[in-house]
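Remarks on the structure that follows.
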Amino acid sequence: MQFVVAPTHPCLPGHFPGNPLVPGVVILDHVLAAIEHGHVPLGALRLPQVKFLAPLLPGVAATVVLDGAAPRWRFRVLAGDVLVATGEVVAG
């Protein structure tokens with residue numbers, strides 16, 4: 001699933017003034033949306049492991065890549081060839 005966080009997103013002025021970066025929580029929201037896109041709403045989720053490896057800039061296209069199936073998925077978030085984030089999501 002591909003996404004772009006617009007430069008006008010309301011989270012950006014405070015993260016960080018003059019040098020905006022997409023906050024990790026916004027990236028993770030897109031990961032969860034990608035999981036729920038192929039499934040019914042999942043209820044409670046855990047994220048036992050998440051690593052942010054590179055910044056994601058506003059206006060840059062990113063892709064969520066999922067591996068696994070319910071109740072456990074591994075994810076990668078890529079901006080082109082750059083690995084932005086990796087981790088694991090567990091339902092229940």
Using every non-hydrogen atom in the two residues, find where [X] and [Y] come nearest and quote the distance to one decimal.
X   : Y   : result
R46 : G92 : NE-O, 3.9 Å
P7  : P58 : CA-CB, 3.8 Å
R74 : Q49 : NH1-OE1, 3.7 Å
L56 : A79 : CD1-CB, 4.0 Å
L12 : P23 : CD2-CD, 4.3 Å
E88 : P48 : O-CD, 3.4 Å

Are [Y] and [X] linked, directly or through intermediate hydrophobic residues, by side-chain heavy-atom contacts shorter than 4.5 Å (ILVMFWY only)?
X   : Y   : value
L21 : V4  : no
V22 : L78 : no
V84 : F3  : yes
V60 : F16 : yes
V77 : L47 : yes

**Prompt:** Is there a side-chain contact between L45 and L32, using heavy atoms and a 4.5 Å cut-off?
**Reply:**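 Yes - at least one pair of side-chain heavy atoms lies under 4.5 Å apart.
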**Within-4.5 Å side-chain heavy-atom neighbours: L83 and R76** = yes
**Request:** Go through the steps to decide whether Q2 and V64 satisfy the test side chain to side chain contact (heavy atoms under 4.5 Å, CB included), and finish with yes or no.
**Result:** CA-CA 6 Å; Q2 192 171 43; V64 177; over 6 Å; no
**Test applied, side-chain contact (heavy atoms from CB on, under 4.5 Å); reference residue, F75; option that passes from V65, V50, D67, I35** =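 It is V50; the other options fail the test.
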